[in-house]
Asker: 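I am attaching a structure below and will ask some questions about it afterwards.
Quick note on labels: first sequence line is chain A, next is B, and so on, each numbered from 1. Keep in mind that this is a model prediction, so the values were computed, not measured. Heavy-atom basis, side chains included; hydrogens, waters and symmetry copies ignored.
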Amino acid sequence: MKKGLSFIVVCMMAALLLVPCAWGKSIKIGFNIPLTGDIPKVGEESKFAAEMLKADVNGAGGLEIGGEKYMLEFVYEDNESKAESAVSAALKLIERDQVIAVVGPNSSKQAVPGGQVCDDNRTPMISPWSTNPDTTKDRPWVFRAAFLDPFQGPVAADFAMKQFNAKKAGVLYALANDYSKGLAEIFKADFEKKNGAGSVVSFESYGDKDQDFSAQLTKIISAKPDFIFLPNNYNEVALIVKQAHDLGWKGPFMGADAWGNSELMTLCGDDCKGHYFSTHYAAAGATGATKEFIDRYQAKYGYEPADVAALTWDATRVVLQGLQGMGKVTGDLKKDRKSLKDAIADIAEFDGITGKMKFDEQGDPIKCAVVVKISDKGEFVFTESVCP
Amino acid sequence: MLESVIQNFFNALQWGSFYSLIALGYTLVYGVLTLINFAHGDIFMVGAYIAFFVSTFIIANMSGLPGWAVMTLTIPLTMILTACVGVTLERIAYRPLRRKGANRLYVVITALMCGLILENGNLALLGASRKSFPPLVDKVIYTVGSISMTNLKIAVIFSAIMVFILLQFIVTKTKIGMAMRAISYDKFAVPLMGIPIDTIIVFTFILGSSMAGLAGLLYSLSYPILDPYMGALIGWKAFIAAVVGGIGDIRGAFLGGFLLGFIEILVVAFFPSTFRDLIAFSILLIILIYKPTGLFGVAKTTKI
């Protein structure tokens, strides 16, 4: 209830902040995020991080572009964690709301189709959290703030081989999820390259909305892998890990960046403790600007932000830096979008709170990944950092 | 190999139990009213949420109660409250249509709408974020060789069988059961015999919905993450199970549920898991081609 109330308060404050924009000059940025559906917490964190950034910029009198101050106006569109809704949300933002750029969608399942829409409509888009290569591939208008699965997959494989002395792996992934499927396939290829063909002893999938994984897990466990790789969303991870324990599995799990969510521990509880996953940043033990962001977020919203909040912060700041790099805003949306795209592509190096990043010609950042352990207190503790 | 077959046998029994419990609700309402209550899957979802609120309320207000005591309080309360939801639906959605003598098609569409209202009402009221069901009973894992069972799984399977026996008894051996069968036989002659038709229909909804509530409680103990759309898919599949078993027949719903559970789990055990639904539903389709009224269905006779 408290959360609901604070949400209403935030909405009202946002509405109040919009009022002065009616007089001054403003710039509209759209957010294509999952506020309902499978992963609502991801959308919520994105939105909160963006609200924080907007309050900062507008509080300082707006964003200065070529000597003129512009107030920021953010439009949040819910994509319901669905691929088809991500497409309509992107179209709404581009055509109805006339935004200059789109931040999001977060999950690759929505970012891949959403990126196509933005690229076709010549609107710059930056996905904070999507790690599937297809999101930006051959799409000059699409950028991202996260590392890619072809990088993350080997990080997970290497870490598991070192940490668990693993020679055999089991994988369970979500068939209808671009992120999960893509990462599982990349992991399998990499692990088999390093340990010989057939070293991924079990490669199982499940469908949309499934809640019982016992048959798949029985198959995986009976193949006796050294660990189970789970590139899944946090809500499914909680169920899978519990059911695997019910079936007598005592070995380790290795996860990927979709585990990193503040809701994981409330849903999963003790079952998830002691396992590892690769992600974008570690909240526990962060320093500098990252720590400042985490502390402010925690003070404002009452919980520790996950990687997606930090990545949204970075992605939105990339857009702002691009806006400043444009020189001036002409008011002709088509022209402005084009020059914004060029300005973002020209950013040589960006110092974000999730690490330094350089953009390659695809619009993908080259940045480091970290592996974190879920401690007995339920905190995500930094274990090691891997840089390309 | 044998061990994993046995393990999957138990997995399938548990999974089939949920299909069975939900399919029984479809079959009861269909048997009496020849109405497919498509909102039933969502009544199951509401049952899970009611169980969540009842149990957290009890835990919060009577701290110190052991888990089993919370359980014994939660079960009847959940069943009663879910039954109220089912009866409310009947009262405000189905009964007015029945009074007006509306075509069955419109009643089915109304049921679909009611399901969507329940789902989206939940989304609007409680928000999109997931609820985590409190673990009421300490989980005990029994291991024999490489076969693992939990006390929860045993309880689920046992409950499904008990519910089936209870319903079978009510429908075949009691007076009210006789009245239910009579209504399914001839809706228009029955009131002439002095049988209060509305009372019997309400009773049917109470039975079906309280079973959905029980299923919701057991389901959220086994899969402790609740979301507003959790009832949709399992409701559809349980409906298919009821049709394959022969909708309107209690044995049919019971066996149909377990049949679907077994097919789904065993397909994954022997084929790549990507083929699960394709093969499972192809098998059900073949069954229906040979027996269009389902395994226990006999065309044009009294059902239930």
Asker: Answer yes or no: is there a side-chain heavy-atom contact under 4.5 Å between A:Y206 and B:R276?
Answerer: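 A:Y206 does not reach B:R276 side chain to side chain.
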
Asker: Minimum heavy-atom separation for A:D246 and B:S148, please, with both atom names.
Answerer: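 Here A:D246 and B:S148 meet closest at O-CB, 3.4 Å.
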
Asker: Check whether A:D208 gets within reach of chain B through its side chain, its backbone, both or neither, counting any heavy atom under 4.5 Å.
Answerer: backbone

Asker: Any side-chain donor paired with an acceptor under 3.5 Å for A:Q211 and B:Y219?
Answerer: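 Per modelled atom types, A:Q211 and B:Y219 side chains form a pair under 3.5 Å.
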
Asker: Give a yes or no answer on whether the side chain of A:T36 reaches the backbone of B:A128 with a donor-acceptor pair at less than 3.5 Å.
Answerer: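 Such a contact is absent between A:T36 side chain and B:A128 backbone.
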
Asker: Holding to side-chain hydrogen bond (donor to acceptor under 3.5 Å, both in side chains), I want the full list of residues that pass it with A:E45, two or more places apart in sequence or in another chain.
Answerer: A:S262

Asker: Can you name the residues of residues 217-226 of chain A that have some heavy atom under 4.5 Å away from a heavy atom in chain B?
Answerer: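 If one takes a 4.5 Å heavy-atom cut-off, the residues of residues 217-226 of chain A near chain B are A:T218, A:K219, A:S222.
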
Asker: Treating B:R130 as the side-chain partner and A:E263 as the backbone partner, does any N or O pair qualify as donor plus acceptor under 3.5 Å?
Answerer: no

Asker: So which atom in B:S273 and which in A:S205 form the shortest heavy-atom distance, rounded to 0.1 Å?
Answerer: OG-N, 2.7 Å

Asker: Side-chain donor-acceptor contacts of residues 225-240 of chain B below 3.5 Å, not counting sequence neighbours, with atom names and distances?
Answerer:
from   : atom 1 : to     : atom 2 : distance (Å)
B:D227 : OD2    : B:Y229 : N      : 3.2
B:Y229 : OH     : B:N120 : OD1    : 3.1
B:K237 : NZ     : B:E264 : OE2    : 3.1

Asker: Could you tell me whether A:D271 and B:K139 have a side-chain N and a carboxylate O separated by less than 4.0 Å?
Answerer: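 Salt bridge absent between A:D271 and B:K139.
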
Asker: Starting at CG of A:L247, measure out to CG of B:N11 and round the result to the nearest 0.5 Å.
Answerer: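 Nearest 0.5 Å value for the CG-CG distance: 5.5 Å.
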
Asker: What are the two closest non-hydrogen atoms of A:A215 and B:N8, and how far apart are they?
Answerer: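 Nearest heavy atoms, A:A215 then B:N8: CA-OD1, 3.6 Å.
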
Asker: Is chain B contacted by the side chain of A:L239, its backbone, both, or neither, given a heavy-atom distance below 4.5 Å?
Answerer: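 Contact with chain B involves both backbone and side-chain atoms of A:L239.
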
Asker: If the contact rule is any heavy atom under 4.5 Å from chain B, which residues of residues 176-183 of chain A qualify, in numerical order?
Answerer: none

